[in-house]
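Everything on this sheet refers to the single structure shown next.
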There are 2 protein chains.
Amino acid sequence: MNNEMVIRITRYYRILNRLRSLGLEKVFAHNLADAAGVSAAIVRKDFSLLSIYGQKRGGYEIPELMTKLGSILGKTDKLEHVIIVGCGRIGRALMHYTGFEQDGIKVVAGFDSDPSIYNDPNHPVPVYPTSRIEDVVKESDTKVAIVTVPETATADTFQRLLSAGIQGVLNFSPITLKPIKKADGTQVIVHNVNIALELEQIFYELQSPNILQQ
Amino acid sequence: MNNEMVIRITRYYRILNRLRSLGLEKVFAHNLADAAGVSAAIVRKDFSLLSIYGQKRGGYEIPELMTKLGSILGKTDKLEHVIIVGCGRIGRALMHYTGFEQDGIKVVAGFDSDPSIYNDPNHPVPVYPTSRIEDVVKESDTKVAIVTVPETATADTFQRLLSAGIQGVLNFSPITLKPIKKADGTQVIVHNVNIALELEQIFYELQSPNILQQ
DNA sequence: CCATTAATGTGAATAATGATACAATAATCG
DNA sequence: CGATTATTGTATCATTATTCACATTAATGG
């Protein structure tokens, strides 16, 4: 299963979750396609490749589909743990974000190098000095970190996270981090989210003549 | 020039900007490749397709390269305007973000439906009630909006932005917005950034056996 | 000034992706 | 119960993106 497909499957899963909570029991490929912003053919193809079959002319049963997709995505009942490194405005906004829970994600702690931030008791999750990353990560069994530190601190932060045993990073800094193969042969997963870059792309697409969007 | 390539070119441009500010004058394809997280072959291919040529064994001259890439990306001296719709924690964090300016982006206003937010004078940019989107957009000549409203308000907000004449949207809500062809034939550009989805993907990749990342 | 090295530039091969078309099947309706 | 319609499932095709391989050029060093 390739990367694009993981994104689509995750999207399908979230959409199904919402449809189910509206009381729906069945769904057609083209419904999912519309909601996920892809073609119906690709939805059917995805399911076909995953050996998921619906009923001819009857679509797919939502609960069954969710079970299968969930098992492919490795969904469990327990919440996945993440830490947030860098408790500036963006980091703190994410700490307060209540939407993670419905997607099975829990922010277990924040970290910052500034004492006025980690000594401030008014955070929705515990905030520690960055020196404590390693022990909190181990204690809380956390594998994934969100990085919201300033650009200049990004490289150091990444190194620190690697030595603390973090295996996945969602990086919001404008420095592009790269997946690194660790000494033990495992690869660290890195996703970079660059907001200014997204905006620049949008401006480019607006200004450019050929629109081949989605 | 396709989508992926726009992303890469924009990345190259930002990296060059940083290298230049460190005093560098030349750059090799593999340097750019490393910093952008791609292969050197693709950097050379990109430049080749854009008719950008370096010196054999000498690499590329940074100022010249930036001029060319800048003109391809439509970079100008004046700042590109964006508005932020939804001034919750994430919206406000973006309003305070100082990194946009160095990428030629300026947040001209925020909007919220909650009077206690738009009546609060302590924002780094003016914040108005959502009813004023249309006139502020027109007055300030803004084409792009960042959407940071709650999930339930997303669809309405999108409609309102379209009627206000917005042409590009960066959507942070978990509802996937789709590019819509408007009555006048132009297409609205939409980019969706879904933080929970990114995390879910990371968890999937960690759990899945085959690592084919980047 | 020749041999070696380090880079660029690009055609061809390969791989990945998505679209198309249509057969297969089930439901519906007269 | 036959005709029609709606939908799935997939084989094939077309396109795009990426890597590979290597010719080309320039610099370096003995």
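Numbered from 1 within each chain, the chains take letters A, B, ... in sequence-line order.
- Applying the side chain to side chain donor-acceptor pair (under 3.5 Å) test to every pair with at least one member in residues 97-107 of chain A, sequence neighbours left out, gives these pairs: A:Arg14-A:Asp103.
- A salt bridge links B:Asp135 and B:Arg132; the closest N-O separation between the charged side-chain nitrogens and carboxylate oxygens is under 4.0 Å.
- Straight-line distance from the NE2 atom of B:His30 to the P atom of C:dG9: 14 Å, rounded to whole Å.
- The pair B:Lys143-B:Glu80 does not meet the salt-bridge criterion, since no charged nitrogen lies less than 4.0 angstrom from a carboxylate oxygen.
- If you check distances only, the side chain of B:Lys26 never reaches the base of C:dT8 with a donor-acceptor pair under 3.5 Å.
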Q: Determine, step by step, whether A:Asn171 and A:Asn194 satisfy the side chain to side chain contact (heavy atoms under 4.5 Å, CB included) criterion, reporting the C-alpha distance in whole Å, the side-chain angles of both residues, the deciding distance to 0.1 Å, and the verdict.
A: CA-CA 8 Å; A:Asn171 172 40; A:Asn194 191 322; over 6 Å; no

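- Note on ring orientation: taking the six-membered ring where Trp is involved, the planes of B:Phe111 and B:Tyr128 are tilted (angle from 30° to 60°).
- Atom pair A:Phe47:CZ and D:dT7:P shows a separation of 15 Å (rounding to whole Å applied).
- One atom, CG of B:Leu50, and another, P of D:dA17, lie 13 Å apart when rounded to the nearest Å.
- Shown here are the side-chain hydrogen bond (donor to acceptor under 3.5 Å, both in side chains) partners of A:Gln55, two or more places apart in sequence or in another chain: A:Glu61.
- D:dC22 atom P lies 15 Å from atom NZ of B:Lys45, rounded to whole Å.
- In this structure, the ring of A:Phe47 has its center less than 6.0 angstrom from the ring center of A:Tyr60.
- Contact check, B:Tyr60 against C:dG9: a side-chain N or O comes under 4.0 Å of OP1 or OP2.
- Computed from coordinates, the A:Phe28 CZ to D:dA6 C1' distance equals 8 Å when rounded to whole Å.
- Remark: C1' of D:dT19 and CG of B:Leu49 are 14 Å apart, rounded to the nearest angstrom.
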Show me the protein contacts with nucleotides 21-30 of chain C, counting only N or O atoms at under 3.5 Å.
| residue | atom | partner | partner atom | Å |
| --- | --- | --- | --- | --- |
| C:dA27 | N3 | A:Arg57 | NH1 | 3.0 |

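- Rounding to whole angstrom units, CG of residue A:Asp46 and C1' of D:dG9 are separated by 13 Å.
- A salt bridge links A:Glu200 with B:Lys75; the closest basic N to acidic carboxylate O contact falls under 4.0 Å.
- Taking atom CD1 of A:Ile42 as the reference point, atom C1' of D:dG9 lies 15 Å away to the nearest angstrom.
- Of the candidate nucleotides C:dG18, D:dT19, D:dT10, D:dT19 has the atom nearest to the side chain of B:Ser39.
- Only at 4.0 angstrom or more do the heavy atoms of residues 5-14 of chain A sit from any atom of DNA chain D, so none qualifies.
- Comparing the end axes of the helix from C:dC1-D:dG30 to C:dG30-D:dC1, each fitted to five base pairs by superposing C1' atoms of four pairs onto the next four, gives an inter-axis angle of 0° (nearest 10 degrees).
- Contacts of B:Ala29 with the nucleic acid, taken as non-hydrogen atoms under 4.0 Å apart, involve only primed sugar atoms and P, OP1 or OP2.
- In this structure, CE in A:Met95 is found 7.5 Å from OG1 in A:Thr148, a value given to the nearest 0.5 Å.
- Checked options B:Ile166, B:Leu177, B:Val188, B:Thr130; the residue passing with B:Leu161 is B:Ile166 (criterion: side-chain contact (heavy atoms from CB on, under 4.5 Å)).
- In this structure, the separation between CG on B:Leu50 and NZ on B:Lys68 is 10.5 Å, given to the nearest 0.5 Å.
- Listed by first and then second residue, the side chain to side chain donor-acceptor pair (under 3.5 Å) pairs that reach into residues 37-49 of chain B are B:Arg8-B:Asp46, B:Tyr12-B:Asp46, sequence neighbours excluded.
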